[in-house]
Amino acid sequence: MRMSKLFVQTLREFPSDAEVMSHKLLVRAGYIRKLANGVYNYLPLMWRVLKKIENIVREEMDAAGAQEILMPFVQPSELWIESGRWDVYGKELMRLKDRHNREMCLGPTHEEVITSIAREGIHSYKQLPVNLYQIQSKFRDEIRPRFGLLRGREFIMKDAYSFDCDEAGLDKSYEIMAKAYKKIFERCGLETKMVQSDSGAIGGSVSHEFMVLVNENSENNAGENDVFYCTKCGYSANSNHAVSNLAEAEVDGKFKFAKITDTPETTSINELADFLKIPASIICKCLIYVVDGKYVAALIRGDKAVEETKLMNVFAGNDIRIARNDEIEEIMNNSGFNAVAGFIGPKGLKGVEIVADNTVKDLKNFVIGINQKDKHLVGANWGVDVELPQRIADIRLAEENDKCIECSAPLKVTKGIEVGNIFKLGTKYSKAMNATFTDKDGQEKPFIMGCYGIGISRTAAAAVERHHDENGIIWPLSIAPYRVIVVPVSDQDETQMSVAEDIYNKLSEANVEVLIDDRAERAGVKLKDADLIGIPFRITVGKTIKDNLVEFKNRSTGETITITPQEAVEKILNL
RNA sequence: CGGGAUGUAGCGCAGCUUGGUAGCGCACCGUGUUCGGGUCGCGGGGGUCGCAAGUUCGAAUCUUGUCAUCCCGACCA
């Protein structure tokens, strides 16, 4: 391709509305252009990168035995009503009506559609297992799109769905996908960590995320997830799922008897601990949440934080938020109290489900709210002063240096970009939508399903986050829009131009993806642009051509050698 | 949903305090010059100043509303 014809415009400055490097660089280097909030045009260079990633994904998915299909982007509400998600998916689901007033939605994911396909097409265990996938634009009306391609509303995703006749089959399909994913990201030049993650409200199911770790090179932190990991045994998990053991802490308040004590204006744990001159670990904190519209009280040790996803899962919920003050007031009114946030306790709460974190059951002679403003019960004990809730679960957010549950080594934490997710669905959709097959024994059974996603456009952005320098993008060779760019330094110099054209022609004829910068620009402009757009190799034809020498530069290492044009061509052909 | 900030040419910005009919750099067009890391000069084209009301003889500038964008937060009691 000739730069003089390539549809690209590089900018001399970064766009003012971009925050993270991948966003800044992709806009500045002319790869993408914003059309609306969270919605981007993919210009020629970007589209080439995306197609490269797609093809790697295709090759590995096909090699893993999956078959590519394409499902509609617009879906009828009926399927979503069948699965039960029409009412619970929330505002992320972009809903619309057609001219007949039928309700439709833009596909944020395709479990419903794929289940309907399987329901119609798979009738016997002899047809299983099956794995179908597609690569397609998805639309999710995110609360807050940001970071360019890392969290857009419209984005390109590969989604695969497996169907098996039993759990063992699903385990195998899952394993195959996990291996394929690792290979896909490796081939894209991305090191990923496969971490355990939350699998939503479905009991007993398993899910892993593939994270690109980004802590070490973060001017701006593009990683939206906290990943906990153990360097000793390899345990790793998303913070919404990470389980840990705690270091020793004081959990006995050693008060001789229980006493209602004045604790004026201690609305936070720190204030309360300071006021009573006690460690926060002997306070039992009580937080009111709203899960799917129902009130929930969560008890946890004062020095620890609640992990909302874990808490939500205890109640198989879809939505969780902390209660507002007016909601707490409502609970107080209903229960015959008049306390405010800071003095809430589990005792006597009406219309509220209570769950206690594992950390509170060992507390002795502790401090707890009793729904009286400016007072706490000091020296309380379970079973004596307050009943220990029946529901006890792990709802605690892990912290760095907590002990690994596998090997007790201290856990570390880092930021990660989630580029892939694999998930054992089980029969959630097949049961709800009555998608069954006849098994060996003649019985009709629901499919055992798995689903497997890769954010194609996010993977491209993650690659930029990991591979760039102060001059621009540094694409891994496997996903670069072009492998090599030929730059004649002066378009005035006939020898330079003809040698450059010759190199370009030879590489083109050998089907190498090659650019030639034939623009009537000065050398500085061309070299800056070559660095900015991040082509892995550059062949510069300059003055030394009188000695039959050109410069061969590696964008990634900066290594530069001077060789003959023929050697340069061969070097590229031998990559 | 709450808070903050910002909307002026494709991009980056000034002008607004103190109203008087819009400017700079980059990019673009023409021309000359220069030619190995974003040359220099001359000449040009391009903007109903986010939108809508209001105040005023007159509004980019003041007032109100509205929309959009970016950031932070979404309450850890």
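Chain letters run A, B, ... following the sequence lines, proteins first, then strands; residues in each count from 1.
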(message) Categorize A/Leu272 for me: base, sugar-phosphate, or nothing, with a 4.0 angstrom heavy-atom threshold over every strand shown.
(response) nothing
(request) Whole angstrom is fine here: how far is it from NZ in A/Lys285 over to P in B/C75? (result) 12 Å
(message) Please give the distance between the P atoms of B/A14 and B/G73 as a whole number of Å.
(response) 26 Å
(request) Please check if the distance between the ring centroids of A/Trp475 and A/Tyr31 is under 6.0 Å. (result) yes
(message) Could you tell me how far B/U33 sits from B/C42 if I compare only their P atoms? Round to whole Å.
(response) 16 Å
(message) Is there a side-chain contact between A/Arg146 and the phosphate of B/C70, meaning an N or O under 4.0 Å from OP1 or OP2?
(response) no
(message) Using the side-chain heavy atoms of A/Pro15, tell me which of these nucleotides is nearest: B/C76, B/G38, B/G12.
(response) B/G12
(request) Could you tell me whether the side chain of A/Ile300 reaches within less than 4.5 Å of the side chain of A/Arg396, counting heavy atoms only? (result) yes
(message) What's the closest nucleotide to the side chain of A/Leu11 if the choices are B/C11, B/C35, B/U69?
(response) B/C11
(message) Using the side-chain heavy atoms of A/Ile143, tell me which of these nucleotides is nearest: B/C35, B/C1, B/G36.
(response) B/C1
(message) Taking the side chain as everything from C-beta on, heavy atoms only, tell me whether A/Ile283 gets closer than 4.5 Å to A/His376.
(response) no
(message) Taking any heavy-atom pair under 4.0 Å as a contact, classify A/Glu551: base, sugar-phosphate, or nothing.
(response) base
(message) Any base atoms under 4.0 Å from A/Ile322, or only sugar-phosphate, or nothing? Heavy atoms, all strands.
(response) base
(request) Just call it for A/Arg538: base, sugar-phosphate, or nothing, with non-hydrogen atoms closer than 4.0 Å on any strand. (result) base
(request) With RNA chain B as reference, determine whether A/Val340 or A/Lys543 sits nearer its 5' end, using the nearest nucleotide of each. (result) A/Lys543
(request) Scan every strand shown for a Watson-Crick or G-U wobble partner of B/G37, both distances under 3.5 Å, and answer none if you come up empty. (result) none
(message) Taking the six-membered ring of A/Phe14 as reference, does the cationic atom of A/Lys24 (NZ for Lys, CZ for Arg) lie under 6.0 Å from its centre and within 45° of its axis?
(response) yes
(message) Let's see if you can work this out: which of B/C76, B/U39, B/G38 has an atom nearest to the side-chain heavy atoms of A/Arg522?
(response) B/U39
(request) Give a yes/no verdict on a cation-pi contact between A/Arg33 and A/Tyr40, requiring under 6.0 Å between NZ or CZ and the six-membered ring centre and an angle within 45° of the axis. (result) no
(request) Using the P atom as the reference point in each nucleotide, state the distance between B/C67 and B/U56 in Å, no decimals. (result) 27 Å
(message) Under 3.5 Å, is there any donor-acceptor pair linking the side chain of A/Glu19 to the base of B/C71?
(response) no
(request) Using whole Å, report how far CG of A/Asp493 lies from P of B/G36. (result) 10 Å
(request) Mind checking A/Ala523 for me? I need base, sugar-phosphate or nothing, with any heavy atom below 4.0 Å counting as a touch. (result) sugar-phosphate
(message) Distance check needed: B/C26 C1' versus A/Phe14 CZ, whole Å only.
(response) 15 Å
(message) Going by side-chain contact (heavy atoms from CB on, under 4.5 Å), A/Asn358 matches just one of A/Asn245, A/Ile395, A/Asp394. Which one?
(response) A/Asp394
(message) Between B/G54 and B/G43, how far apart are the two P atoms, rounded to whole Å?
(response) 43 Å
(message) Please determine whether any donor N or O and acceptor N or O are separated by less than 3.5 Å between the side chain of A/Asn471 and the base of B/G37.
(response) no
(message) If I pick the C1' atom on B/A9 and the same atom on B/C26, what distance separates them, to the nearest angstrom?
(response) 12 Å
(message) Taking B/C62 as the reference, what is the distance to B/G2 when you measure between their P atoms (whole Å, please)?
(response) 26 Å
(message) With rounding to the closest Å, how many angstrom separate the C1' atoms on B/A74 and B/U66?
(response) 25 Å
(message) Please report the distance, rounded to the nearest Å, between CD1 in A/Ile269 and P in B/C75.
(response) 16 Å
(request) Starting at atom CG of A/Asp491, determine the distance to atom P of B/G36, rounded to an integer number of angstrom. (result) 12 Å
(message) Would you say that more than 12 heavy atoms from the other residues, nucleotides or ligands in this model lie under 6.0 Å from the NZ of A/Lys5, or not?
(response) no
(request) Looking at every strand, decide which applies to A/Ile300 at a 4.0 Å heavy-atom threshold: base, sugar-phosphate, or nothing. (result) nothing
(message) Checking base pairs now: Watson-Crick or wobble, both atom distances under 3.5 Å. What partners B/C70?
(response) B/G4
(request) Specify the separation, in whole Å, of atom OH of A/Tyr289 and atom P of B/C76. (result) 9 Å
(request) Please state whether the phosphate of B/G38, meaning OP1 or OP2, lies under 4.0 angstrom from any side-chain nitrogen or oxygen of A/Arg12. (result) no
(message) I want to check something: taking the side chain as every heavy atom from C-beta on, are A/Ile485 and A/Ile539 in contact at a cut-off of under 4.5 Å?
(response) no
(request) Provide, to the nearest angstrom, the distance between the NZ atom belonging to A/Lys526 and the P atom belonging to B/U39. (result) 12 Å
(request) Please confirm whether any donor atom in the side chain of A/Arg321 sits under 3.5 Å from an acceptor in the base of B/G73, or the reverse. (result) no
(request) Give a yes/no answer on whether the side chain of A/Lys528 brings an N or O atom under 4.0 Å of OP1 or OP2 in B/G37. (result) no
(message) Nearest to the side chain of A/Asp17, heavy atoms from C-beta on, is which of B/C70, B/C76, B/G36?
(response) B/C70
(message) Does A/Asn325 reach a base, just sugar-phosphate, or nothing at all? Heavy atoms under 4.0 Å.
(response) nothing
(request) Assess whether atom CD1 of A/Ile143 is packed by more than 12 heavy atoms of other residues, nucleotides or ligands within 6.0 Å. (result) no
(request) Could you check which of B/G12, B/G37, B/G38 has an atom nearest any side-chain atom of A/Asp529? (result) B/G38
(message) Roughly how many Å apart are B/A22 and B/U18, using the P atom of each and rounding to a whole number?
(response) 23 Å
(request) From the options B/C71, B/G36, B/G12, select the nucleotide whose nearest atom is closest to the side chain of A/Glu13. (result) B/G12
(request) Could you let me know what B/G20 is paired to, Watson-Crick or G-U wobble, both distances under 3.5 Å, or none if it's on its own? (result) B/C57
(request) Name the residue closer to the 5' end of RNA chain B, choosing between A/Gly542 and A/Phe343 according to the nucleotide with the nearest heavy atom. (result) A/Gly542
(request) When you get a sec, tell me which of B/C35, B/U39, B/C70 is the closest nucleotide to the side chain of A/Gln492? (result) B/C35
(request) Send over the distance from A/Arg324 CZ to B/G3 P, rounded to a whole Å. (result) 14 Å
(message) Please determine whether any donor N or O and acceptor N or O are separated by less than 3.5 Å between the side chain of A/Gln9 and the base of B/G10.
(response) no
(request) Ignoring backbone atoms, test whether A/Ser16 places a side-chain nitrogen or oxygen under 4.0 Å from the OP1 or OP2 oxygen of B/C13. (result) yes
(message) When you measure from the side-chain N and O atoms of A/Lys553 to the phosphate of B/G37, is any distance below 4.0 Å, counting only OP1 and OP2?
(response) no
